[in-house]
2 protein chains.
Amino acid sequence: MTQDDATPPRRTRRGSGAVTLHDVAKLAGVAPITASRALNTPAQVSADVRQKVADAVARTGYVPNLLAGGLASRRSRLVAAVVPTISGPVFLETVQSLTEALAHRGYQLMLGQAGYGGTREDALLEAIIGRRPDGIVLTGILHSAEGRRRLLGSGIPVVETWDLTPTPIDMLVGFSHVEVGRAVAAFLQSKGRHRFGVVAGDDERAKRRVDAFVAATRALGLPEVAVVLVPAPTTLKSGRQALARLMARPGGRDAVGGDVAAPVAATRTRRSAARRGDPAPGEPALPRDIDAVFCSSDLLALGVLTEARVMGLRVPQDLAVVGFGDLEFAADLAPALTTVHIKGAEIGRQAAQFIVDRAEGRAVDPRVIDIGFSIVEREST
Amino acid sequence: MTQDDATPPRRTRRGSGAVTLHDVAKLAGVAPITASRALNTPAQVSADVRQKVADAVARTGYVPNLLAGGLASRRSRLVAAVVPTISGPVFLETVQSLTEALAHRGYQLMLGQAGYGGTREDALLEAIIGRRPDGIVLTGILHSAEGRRRLLGSGIPVVETWDLTPTPIDMLVGFSHVEVGRAVAAFLQSKGRHRFGVVAGDDERAKRRVDAFVAATRALGLPEVAVVLVPAPTTLKSGRQALARLMARPGGRDAVGGDVAAPVAATRTRRSAARRGDPAPGEPALPRDIDAVFCSSDLLALGVLTEARVMGLRVPQDLAVVGFGDLEFAADLAPALTTVHIKGAEIGRQAAQFIVDRAEGRAVDPRVIDIGFSIVEREST
DNA sequence: GTGAAAGCGCTAACAC
DNA sequence: GTGTTAGCGCTTTCAC
């Protein structure tokens, strides 16, 4: 690939052997800068030149070196996206639409996984900043303060997504997790339910929804909520285990910790000895009191639906189930899942818009967009 | 962000204002090249210099410009991955492990979505090649011959994955879809089933599995297979609809086309008028003869399981179901799904290894790795 | 072990 | 409209 061709090696460095703008320009009989303009700002160039350059490109198979272009123009046309993990399907839609919206405008997406822990975050940020992207899209919170500082210092446009923080780093498109928690509590109450359980991942945003949900039930004068946290990213399996746990718990107000899938913590409420009811499948474990479960993801909800069926619980008669995310499968489950719909694709598009506007020198007017959410009512409630 | 600092603007171009290697070198009292070596090849530099440079970096918050480094060294430390769509969860695991394995070695992943159609492919390839990545990872087939030519011509290392083509472009890590089809047919027969249905996405690789499956059943002397194709990417919904279709079909040997979710084509077998049985939920539609369904994805299989339950069919008693992919949820469904397991993460790791080896000048010994697959037997068969 | 010079391939800034 | 010049920030090459 880095073969020198016939010319004897000199003191000077040889290129990669690839066709450069120089070659194209020579073939077209113009100066390199003119060839550059013919390709990048065709309006500035005569039709004749445009044609000659186009021909030369076609003949040589020239592909512009965007690394060089980016270095010279200080515009890399690269955008970085940071997600906790790509396997949490919630962000997938956003990443997908982001990739598409960017590609459409000639930008490319660089993907980084920060993990839910926040340990790799700094190294990741350094790698990203080093590429001088035209923008960075963050999904979820940035854990380290050092990271925030670096980002700010780099001067790179940043879009935070999937959240509504009071102090955005730069631009933001998201929604309020607190509102989601409240809205779901109110919704379930309106359906005549009042003894709630929660199954949630232990990530920042899910916990915020849960806290708001719990606070709202208290404000409504409803019984204490039983909460089971499972490690993020959430899975069908942890959903099943969590429901089993919820149903097997001794009293009515205790969240029971245990070895659900790993670190499952009991939150808010006194802790009680983990006692496992282990109802055999088919032998219905009658719910002592919980008549509705709010899950922090649709996958978790699918697990809860599955376990409920195995336990002989009828959904929605015995138990109402609400998910979060409105993943593609939610509408087609049996029973169809009631869930919180987030316009993930819209978030991606809007983030792309923000960054491209900035990169191209346009002012970004409202720097914060609350994209909202909606509860999609289906059979499971 | 591009603020000039105190110095008055001259005729010459001003930098971005960011800290450069020059600044670090000056602060450390060495030549730029020495600072460069202290960072990149510390062994070539005295401990004293190493320390001084490290201090200067810490004091200034220097982040190397990898665009400039890449241009000069002809190594971008960028790797491009091309997937049909990121939302097909099958490749997710591969992309995830690829990202991680690369990040671990100081490489960054660029993501491109080619779509299942192959229309955006050429533009995507051009954008990718323009970045001069150190490698390109392809999942699934490259449709356009022009694309192949460009790739070959670019001299960039290429790893094809998730398939075993007879004529790889460069390197490859995958498995045989033909073998999968055969193995599943043999497996189902060994379970005492013999009237098979297939529900599959209409993408290249799925079709190859289906063809092999059908051929194998013929070779085994079994009845003709009823095939329903659904558009890729596959969904739970299309799985449900496809099973309904399969069960409602008039004879026993006909694949029935129709408006399942869009272009659902009837393959191999005579076509019959699409007649919709639409059995009301709860009112079991007795399977006339199909006793096993092979699905081209686990999501499809989940749809089939769901629809079977709604129809009152017992799995596995009335109907055996086999999926493909062994997604995380497969093991925890009720009934747990028998499926074809692919080591997706291993594919990603191996691809990263290939590319990094190449980029760092090491020879890649076997350029083709057949990573195999396995049938994971669970409750659904 | 360290440095000076010369680019990597492209575009911004001025000319004309 | 087109060309000249001087870099973007780094690393290679060669010399000491």
Side-chain angles (χ1 to χ4, degrees), chain A residues 1-2 4 8-26 28-53 57 60 62-77 129-132 361, chain B residues 2 4 9-26 28-53 57 60 62-77 129-132 361:
Chain A
M1 175 172 38
T2 312
D4 285 12
R10 298 250 197 77
R11 192 246 140 88
T12 105
R13 271 156 90 191
R14 287 293 336 278
S16 56
V19 181
T20 72
L21 188 61
H22 247 85
D23 304 327
V24 171
K26 207 185 299 176
V30 296
I33 183 65
T34 303
S36 169
R37 287 198 267 250
L39 295 174
N40 299 319
T41 50
Q44 287 183 29
V45 138
S46 72
D48 177 47
V49 165
R50 224 176 297 150
Q51 188 56 50
K52 279 192 288 194
V53 170
V57 167
T60 54
Y62 170 66
V63 180
N65 184 331
L66 300 177
L67 249 47
L71 180 58
S73 69
R74 234 171 294 291
R75 291 194 37 211
S76 63
R77 295 184 158 274
I129 294 174
R131 303 257 176 223
R132 305 296 191 263
Chain B
T2 311
D4 284 13
R10 300 249 198 77
R11 189 244 140 89
T12 103
R13 271 157 91 189
R14 289 289 340 275
S16 54
V19 181
T20 72
L21 189 60
H22 248 85
D23 305 327
V24 170
K26 207 186 299 179
V30 297
I33 181 63
T34 303
S36 169
R37 286 198 268 250
L39 296 173
N40 300 319
T41 50
Q44 287 184 29
V45 139
S46 71
D48 177 47
V49 166
R50 226 175 297 151
Q51 188 57 49
K52 280 192 287 194
V53 170
V57 166
T60 54
Y62 170 66
V63 180
N65 184 329
L66 299 177
L67 249 45
L71 179 60
S73 69
R74 236 173 298 289
R75 290 195 37 210
S76 62
R77 294 185 158 273
I129 295 175
R131 303 256 175 224
R132 306 294 191 265

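Note that the structure is a prediction, hence the values are computed from the model and not measured. Letters go in sequence order (proteins before strands), and every chain restarts at 1.
Between atom CZ of residue A/Arg75 and atom CG of residue B/Leu67 there is a gap of 13.0 Å, rounded to the nearest 0.5 Å.
A side-chain donor-acceptor contact under 3.5 Å links A/Ser76 to the backbone of A/Arg132.
Partners of B/Ser36 by side-chain hydrogen bond (donor to acceptor under 3.5 Å, both in side chains), not counting sequence neighbours, listed by chain and number: B/Asn40. Partners of A/Gln44 according to the side-chain contact (heavy atoms from CB on, under 4.5 Å) rule, which considers only residues two or more places apart in sequence or in another chain, are A/Arg37, A/Thr41. Under the rule for a side-chain contact (heavy atoms from CB on, under 4.5 Å), the partners of A/Ala68 that lie at least two apart in sequence or sit in another chain are A/Asn65, B/Leu71. Under the side-chain contact (heavy atoms from CB on, under 4.5 Å) criterion, A/Thr34 pairs with A/Val30, A/Ala31, A/Val45, A/Val49, not counting sequence neighbours.
Residue A/Asp23 contributes atom CG, which lies 14 Å from atom C1' of C/dC8 at whole-angstrom precision. Rounded to whole Å, atom C1' of D/dT11 lies 13 Å from atom CG of B/Asn65. The CG atom of A/Leu21 sits 6 Å away from the P atom of C/dT11 (whole-angstrom rounding). If you take CG of B/Leu71 and C1' of D/dG7, they are 13 Å apart, rounded to a whole angstrom. Put simply, CG on B/Leu67 is 13 Å from P on C/dC10, counting in whole angstrom units. Distance, B/His22 NE2 to D/dC10 P: 9 Å, rounded to whole Å. Straight-line distance from the CZ atom of B/Arg131 to the C1' atom of C/dG9: 14 Å, rounded to whole Å. B/Arg74 places its CZ atom 13 Å from the P atom of C/dG7, with the value rounded to the nearest Å.
Listed in residue order, the members of residues 29-42 of chain A having a heavy atom less than 4.0 Å from DNA chain C are A/Ile33, A/Ser36, A/Asn40.
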Take A/Leu39 and A/Val24 through the test side-chain contact (heavy atoms from CB on, under 4.5 Å) and record every step on the way to the result.
CA-CA 11 Å; A/Leu39 295 174; A/Val24 171; 5.6 Å; no
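OP1 or OP2 of C/dT2 sits under 4.0 Å from a side-chain N or O of B/Ser46. A sub-4.0 Å separation between OP1 or OP2 of D/dG1 and a side-chain N or O of A/Arg50 is absent.
Here the closest non-hydrogen pair linking A/Ala35 and A/Leu21 is CB-CD1, 3.8 Å.
Taking the nucleotide of DNA chain C with the nearest heavy atom to each of B/Arg132 and B/Asp48, the more 5' of the two is matched to B/Asp48.
Which of D/dG9, C/dC10, C/dT2 sits closest to the side chain of B/Val45 comes down to C/dT2. Side-chain proximity of B/Ala68 to the nucleotides D/dC10, D/dT11, D/dC8 is greatest for D/dC10. Here the side chain of B/Val49 is nearest to one of C/dT2, C/dT11, C/dC10, namely C/dT2.
Over its full length, the helix from C/dG1-D/dC16 to C/dC16-D/dG1 turns its helical axis through 20°, comparing axes from the five pairs at each end and rounding to 10°.
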